[in-house]
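Heads up: the structure comes next, in structure tokens.
Atoms within each ligand, like the ligands themselves, are counted from 1 in listed order. Quantities reported herein were computed from a predicted structural model and do not represent experimental measurements. For the single chain, residues carry numbers from 1 onward in sequence order.
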Amino acid sequence: MKDFMKLASEAARQAGEVLKEGLGKRKRIEYKGEINLVTEIDRRAERVITKLIRASYPEHAILAEEGEGKEGRSGYKWIIDPLDGTTNYAHSYPCFCSSIALEQEGEVILGVVFDPLRDELFSAEKGKGAYLNGKRISVSSIGRLIRSLLATGFTYDIKRDQRNLKHFRNFILSSQAIRRDGSAALDLCYLGAGRFDGFWELKLSAWDVAAGALIVEEAGGRVTDFRGGKFSIYSREILASNGRIHREMIRILQRSDD
Ligand code: IPD
Ligand code: CA
Ligand code: CA
């Protein structure tokens, strides 16, 4: 593979500098919805990432959350969330990252997620394993839901769509504990690193999950829809786990749907 990984890692690190620099400072905040916000730092970090990619691969397509995207016919598409965990960021809660993935002919072949505060760079290339700061990572070996630490998140339209409250209730009664940390990309990486054992969420966007889902799979985990069917980064549900508790998680999700 060309030096896509080097470029993605460099772009994520440069965006990380922007995030670190802006943390805790007064910043302009716009509201996309009642509780869905975006800061000027989200946009600045996105420009840093897309500028680097455009300079190296002007013919590649880009799908980026804050609108710096573009079409392209090369078969390659970069999928970017410059700041995942923006609500945390706006409150100076130290849990956020930048996420960059590369799709080739519709298949995600590379993912990088960088947490600038912990200096943790999670990465994976299709078929080559998953890494944290260059060291191989793998999912946990916990085999029962009741022993599992799970993670989830809630969509910004929670007032209209409260399905995940039911899932949350059922999971919290059948697992060891649940964390709701506010960055889906980091949740997935933590699963890949064995820190979480399972993760589910509704209505995420491709930029939230593209890098993280590949990292989970390359770390030996499983990623599907809520019924165990094929996962797509463009679908509206994701169930990810260490593989061993997947069936139990599907059963809980189906119970909540009844
Ligand atoms: C959000 C985070 C959060 C998830 C939301 C996402 P953003 O992304 O990943 O964990 O629950 O659904 O939209 O807005 O911080 O980039
Ligand atoms: Ca996001
Ligand atoms: Ca974002």
Side-chain angles (χ1 to χ4, degrees), residues 11-12 15-16 18-20 22-23 27-50 62-69 78-101 108 111-117 122 149-165 167-168 171 178-192 195-196 198-216 223 226 233-240:
V18 173
L19 302 188
K20 254 186 9 192
L23 185 63
K27 53 188 90 58
R28 211 169 345 106
I29 293 179
E30 286 164 41
Y31 283 84
K32 298 176 179 172
E34 192 189 11
I35 56 168
N36 185 0
L37 51 84
V38 57
T39 74
E40 58 186 296
I41 308 295
D42 294 66
R43 300 194 202 283
R44 206 176 297 159
E46 183 164 300
R47 281 197 297 271
V48 164
I49 297 169
T50 51
I62 295 177
L63 172 66
E65 180 172 18
E66 310 306 344
E68 295 285 324
W78 294 87
I79 303 172
I80 298 159
D81 191 339
L83 169 47
D84 187 54
T86 208
T87 305
N88 289 344
Y89 189 80
H91 289 263
S92 299
Y93 179 76
C95 178
F96 52 83
C97 62
S98 301
S99 173
I100 302 174
V108 179
V112 166
V113 172
F114 183 54
D115 170 352
L117 295 183
F122 298 89
L149 182 59
L150 306 179
T152 189
F154 293 87
T155 63
Y156 291 119
D157 71 343
I158 180 72
K159 289 193 185 152
R160 259 177 293 130
D161 180 351
Q162 302 194 349
R163 280 174 297 163
N164 206 30
L165 291 177
H167 298 317
F168 190 91
F171 273 122
I178 303 178
R179 299 290 174 257
R180 190 276 188 258
D181 241 353
S183 166
L186 275 184
D187 290 341
L188 287 164
C189 291
Y190 282 20
L191 173 54
R195 298 171 182 172
F196 290 139
F199 169 79
W200 83 97
E201 192 161 338
L202 284 156
K203 293 184 173 171
L204 287 169
S205 298
W207 47 74
D208 299 312
V209 295
L214 179 67
I215 288 166
V216 170
V223 186
F226 282 4
I233 59 170
Y234 302 102
S235 72
R236 308 297 274 165
E237 53 187 44
I238 178 168
L239 168 61

Determine whether the side chain, the backbone, both or neither of [X] has a heavy atom under 4.0 Å from any heavy atom of ligand 1.
| X | value |
| --- | --- |
| Leu204 | side chain |
| Asp84 | both |
| Ala184 | both |

>> Looking at ligand 1, is there an atom of it that comes within less than 4.0 Å of some heavy atom belonging to Trp207?
In response: no
> For ligand 1, is Leu83 a contact, meaning one of its heavy atoms is under 4.0 Å away?
Replying inline: yes
Quick check: does [X] get an N/O under 3.5 Å from an N/O on ligand 1?
| X | value |
| --- | --- |
| Gly153 | no |
| Thr86 | yes |
| Thr155 | no |
| Asp187 | no |

>> Ignoring hydrogens and geometry beyond distance, is a side-chain donor-acceptor pair present between Ser99 and Asp84 at under 3.5 Å?
In response: no
> the Ca ion (ligand 2) is nearest to which N, O or S atom of Asp208?
Replying inline: OD1
>> Nearest N/O/S atom of Asp84 with respect to the Ca ion (ligand 2), by atom name, please.
In response: OD1
Which atoms from ligand 1 have a heavy atom of [X] less than 4.0 Å away?
| X | result |
| --- | --- |
| Ser183 | 9 (O), 10 (O) |
| Asp81 | 16 (O) |
| Phe154 | 11 (O), 12 (O) |
| Glu65 | 16 (O) |
| Gly182 | 2 (C), 3 (C), 10 (O) |

> Taking the six-membered ring for Trp, are Phe168 and Trp200 parallel (under 30°), tilted (30 to 60°) or perpendicular (over 60°)?
Replying inline: tilted
[X] versus [Y]: any side-chain heavy-atom pair under 4.5 Å?
| X | Y | value |
| --- | --- | --- |
| Tyr93 | Thr87 | no |
| Leu19 | Leu83 | yes |
| Phe196 | Val216 | no |
| Phe171 | Thr152 | no |
| Phe114 | Ile100 | no |
| Glu201 | Val209 | no |
| Leu188 | Ile238 | yes |

> Do the side chain of Ser205 and the main chain of Asp208 share a donor and acceptor less than 3.5 angstrom apart?
Replying inline: no
> For atom 13 (O) of ligand 1, what is the nearest protein heavy atom, given as residue, atom name and distance?
Replying inline: Tyr156 CE1, 3.4 Å
> Any idea which protein heavy atom is nearest atom 4 (C) of ligand 1, and the distance to it?
Replying inline: Glu201 OE2, 3.2 Å
> So does Asp81 have any N/O/S atom less than 3.0 Å away from the Ca ion (ligand 3)?
Replying inline: yes
> Of all the atoms in Leu83, is at least one N, O or S atom closer to the Ca ion (ligand 3) than 3.0 Å?
Replying inline: yes
>> I'd like to know if Arg163 and Glu237 make a salt bridge, using a cut-off of under 4.0 Å between side-chain N and carboxylate O.
In response: no
>> My understanding is that only one of Leu149, Asp115, Val113 makes a side-chain contact (heavy atoms from CB on, under 4.5 Å) with Tyr190; could you say which?
In response: Asp115
>> By the definition side-chain contact (heavy atoms from CB on, under 4.5 Å), identify the one residue from Val108, Ile233, Val112 that meets it with Leu214.
In response: Val108
> With a cut-off of 3.0 Å, does Glu65 place any N/O/S atom under that distance from the Ca ion (ligand 2)?
Replying inline: no
